[in-house]
There are 2 protein chains.
Amino acid sequence: MKNTISATYGGMAQAYRRALLDDVIPFWERHSVDRGCGGFFTCLDRDGSVYDTDKFVWLQARQVWTFSMLYLELERRDSWLALARHGAEFLARNGRDAGGNWYFSLARDGRPLVQPCNIFSDCFAAIAFGRFARATGDEAAKEVAARTYRNILARKANPKGAYAKAFPGTRPMVSLALPMILANVTQELEWLLEPADFERTLDACVDEVFAPFLDPERQVLHEHAAPGGQKLDCFEGRLLNPGHGIEAMWFVMDIAERRGSRALADKAVEVALRTLELGWDAPMGGIFYFLDAQGHPPQQLEWDQKLWWVHVETLVALLKGFRLTGRRECWTWYERVHAYAWGHYPDREFGEWYGYLNRRGEVLLPLKGGKWKGCFHVPRGLYLCMRELEKLAAGPPAISLP
Amino acid sequence: MKNTISATYGGMAQAYRRALLDDVIPFWERHSVDRGCGGFFTCLDRDGSVYDTDKFVWLQARQVWTFSMLYLELERRDSWLALARHGAEFLARNGRDAGGNWYFSLARDGRPLVQPCNIFSDCFAAIAFGRFARATGDEAAKEVAARTYRNILARKANPKGAYAKAFPGTRPMVSLALPMILANVTQELEWLLEPADFERTLDACVDEVFAPFLDPERQVLHEHAAPGGQKLDCFEGRLLNPGHGIEAMWFVMDIAERRGSRALADKAVEVALRTLELGWDAPMGGIFYFLDAQGHPPQQLEWDQKLWWVHVETLVALLKGFRLTGRRECWTWYERVHAYAWGHYPDREFGEWYGYLNRRGEVLLPLKGGKWKGCFHVPRGLYLCMRELEKLAAGPPAISLP
């Protein structure tokens with residue numbers, strides 16, 4: 001029996017490895033490299049043809065991260081490091097304003113198009129240069145990562161700066177997205193940080209993810225709340241983004257694992273499962289993009305769509321949760337979400353994964369990359385699921401935490 | 001034969017009148033008035049219940065406009081004027097910053113929530129106070145309208161002001177929305193303007209709607225372009241919003257009629273028809289919300305949805321175009337869009353019209369009002385269609401223009 005289960009895990013790990021190495025990564029290697037101007041094309045149509053040449057800093061940075069990570073974690077392929085360098089050089093040359101803040105987007109030739117109005121550009125630049133510096137030993141890249149990280153912490157209390165449109169004081173509000181991403185960014189940059197700073201920042205992230213946003217009764221995270229944690233009865237305050245909540249929970253599971261905290265792992269798994277139960281579209285399958293916590297009409301017209309990243313991040317969370325806690329629901333849900341994701345997203349004809357399906361699971365936009373989809377969630381998710389399955393194949397679940 | 005056709009027009013005019021006076025207006029009278037804090041609730045669920053109490057200045061102002069307009073144009077009902085006053089007083093008390101710029105949204109009690117980052121708040125406030133001042137003779141309201149209009153013209157070159165995120169100089173871009181709305185706002189405020197200023201501003205609006213945005217070959221309007229009219233090969237530059245283009249054309253038809261210009265009417269009708277041919281979803285019916293001019297994937301995930309205002313404004317444009325030019329395609333298309341709109345949007349059980357359908361025409365959000373849908377497009381469209389049909393019933397088309 002144990003051998004059969006191990007074989008199942010092992011076989012699934014192989015499937016993720018093949019999808020990563022034989023399909024997804026080659027698609028980006030073939031189609032996304034801008035040999036003329038540097039950096040990457042990310043607006044790739046179904047067959048990989050470039051339909052727009054603007055360069056979004058989120059996606060430039062995320063692709064640098066992906067190739068650096070694969071080089072560090074999977075295989076020392078020179079071609080992967082060369083691609084990471086190709087992107088890092090373009091970003092280092094063009095990506096920042098004089099204050100070291102990262103623009104949101106650049107023209108093909110690197111001239112800035114959209115101001116540094118989005119702190120997540122900085123977050124993804126920090127992890128990109130962090131990984132690239134580890135892969136190369138490049139001191140300048142290390143300094144870019146460290147400086148960007150310090151800058152994020154300095155801007156954290158007012159992330160939109162001069163671009164904030166909220167009138168001060170009427171309805172103070174904090175957002176899940178930043179502490180959630182910082183939980184990941186901080187772990188990525190551990191090697192650059194003083195151990196005490198590192199641990200303190202992680203503590204703060206966990207606290208800032210749960211304390212304001214968790215609905216203690218339903219065990220799901222809201223996207224926005226009052227700074228003191230009061231739930232706000234307005235569009236933003238009622239907003240649930242199940243994919244965000246679940247992704248945040250695997251960042252927390254990583255913290256739980258590193259600290260050997262079964263209690264924290266259990267808490268993260270519980271929230272992930274409850275979010276999935278709430279976000280799952282029972283009649284049609286797949287996870288909704290947005291919901292209103294009180295069941296009112298959400299503001300987002302795309303609320304019922306089925307997005308690739310939501311499902312990919314959910315697979316990661318379920319496998320991590322299963323390995324760390326052994327909860328059976330994690331595996332049951334994993335099988336259901338795996339069947340949906342693998343049955344709907346991969347494009348058998350031209351490769352890579354579709355990003356945007358309508359509620360019925362039909363392709364809404366045939367693109368493989370755009371303003372928000374690049375070389376990131378699919379390869380990161382495939383890599384992490386492969387690793388989790390390999391660990392499961394090597395031993396029973398819940399071996400890591402007592 | 002003539003009598004039959006006139007009877008058809010007359011019968012249809014009656015149907016629009018009944019929908020306006022027996023269904024739509026009573027829905028807003030019953031459900032939207034905030035007796036506690038002033039102003040209007042616009043977030044109304046399917047049955048009219050209030051699900052959110054934030055007050056969006058666009059929609060507050062548009063409802064003041066609607067009730068003032070009905071009072072002026074249709075019937076001197078005191079209750080309509082009282083409702084317009086109820087909204088105008090709330091807006092005058094709470095809606096502006098010290099510089100006279102209109103906030104984007106307010107809390108229920110009137111405290112500002114979102115800064116004056118959107119010049120269309122000012123546009124709709126200007127037409128609201130303009131109509132309210134005409135209905136009441138109120139000098140203070142007249143001064144609010146005049147001052148707001150001057151302020152719009154002063155901010156026109158840089159409408160987003162400090163909130164603009166575009167990096168200066170890399171890709172200068174102008175947008176259809178502002179000159180298009182100004183074409184309507186300026187006609188609304190004719191009575192407040194010097195005749196020479198009025199005519200000059202109208203000339204500028206017509207020029208600014210067509211010159212940068214018209215694709216001369218396809219005869220459709222782009223949403224954004226370089227200031228010199230070059231079409232831009234980027235997401236914004238390729239964007240088509242068929243509803244916007246068609247609505248802009250009935251604003252231009254009004255200008256054509258007032259000037260007795262058959263050539264301008266023909267031009268507007270041609271653009272409206274070509275836009276409709278391009279935007280019509282042949283297999284499923286209805287008009288798409290967004291398209292990419294080159295057929296690439298649009299950035300807007302809601303691109304394939306069927307929105308109420310798009311269809312309502314198209315009905316207005318087709319009837320005006322038919323009356324002014326007699327082009328048969330206007331009537332053929334009118335019948336098709338009328339059948340779609342009346343077959344899909346009205347809620348026979350709880351009244352008023354749905355706003356958001358998915359591509360298949362199924363209700364995506366059951367709301368009757370929200371952040372963007374209020375008491376405006378449906379009643380304005382029903383009123384204008386009724387008037388056009390009454391004029392058609394009174395005489396053959398194309399009587400107005402030689």
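This one's a predicted model, so the numbers in the text were calculated from it and none came from an experiment. First the proteins, then the strands, lettered A, B, ... as listed; each starts at 1.
- Heavy atoms closer than 4.5 Å to chain B are found in both the backbone and the side chain of Tyr51(A).
- Residue Arg46(B) does not touch chain A at all, counting heavy-atom pairs closer than 4.5 Å.
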Could you walk me through whether Val310(B) and Glu247(B) pass side-chain contact (heavy atoms from CB on, under 4.5 Å), step by step?
-> CA-CA 8 Å; Val310(B) 172; Glu247(B) 186 182 6; over 6 Å; no
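- The stretch residues 102-112 of chain A places Tyr103(A), Ala107(A), Arg111(A), Pro112(A) near chain B, each with some heavy atom under 4.5 Å from a heavy atom of that chain.
- Using modelled atom types, no side-chain atom of His311(A) and backbone atom of Gly286(A) make a donor-acceptor pair closer than 3.5 Å.
- A cation-pi arrangement is absent between Lys373(B) and Trp309(B) under the rule of less than 6.0 angstrom and at most 45 degrees off the ring axis.
- Residue contact with chain A, scored on non-hydrogen atoms closer than 4.5 Å, involves the backbone and the side chain of Cys234(B) alike.
- Residues His31(A) and Phe41(A) keep their aromatic ring centres 6.0 Å or farther apart.
- With hydrogens and angles left out, the side-chain atoms of Asn151(A) and Asp122(A) include no donor and acceptor closer than 3.5 Å.
- Checked by atom type, the side-chain pair Trp372(A)/Gln299(B) shows no donor-acceptor distance below 3.5 Å.
- Of the listed residues Thr53(B), Leu113(B), Asn358(B), the one with more heavy-atom pairs under 4.5 angstrom with chain A than any other is Leu113(B).
- Most heavy-atom pairs under 4.5 Å with chain A: of the set Gln300(B), Glu302(B), Gln294(B), this distinction falls to Glu302(B).
- Residue contact with chain B, scored on non-hydrogen atoms closer than 4.5 Å, involves the backbone and the side chain of Pro298(A) alike.
- In this structure a side-chain-to-backbone donor-acceptor pair under 3.5 Å is present from Lys306(A) to Gly285(A).
- For the pairing with Lys368(B), the side chain to side chain donor-acceptor pair (under 3.5 Å) check across Asp47(B), Asp347(B), Asp45(B) returns one residue only, Asp347(B).
- Summarising the geometry, atom CG belonging to Asn101(B) is positioned 4.5 Å from atom CZ belonging to Arg155(B); distances are rounded to the nearest 0.5 Å.
- When each of Pro168(B), Ala164(B), Cys43(B), Pro297(B) is checked for heavy-atom pairs under 4.5 Å with chain A, Pro297(B) comes out on top.
- The candidate from Leu367(B), Asp292(B), Leu364(B) with the greatest count of non-hydrogen atom pairs under 4.5 Å with chain A is Leu364(B).
- For the residue pair Thr42(A) and Gln63(A), no side-chain donor N or O sits within less than 3.5 Å of a side-chain acceptor on the partner.
- Residue with the most contacts toward chain B among Thr170(A), Asp304(A), Asp97(A): Thr170(A) (heavy-atom pairs, distance under 4.5 Å).
- Proximity to chain B is limited to the side chain of Arg238(A), based on heavy atoms less than 4.5 angstrom apart.
- Using a 30° and 60° split on the angle between ring planes, Trp303(A) and Phe288(A) fall in the tilted class, from 30° to 60°.
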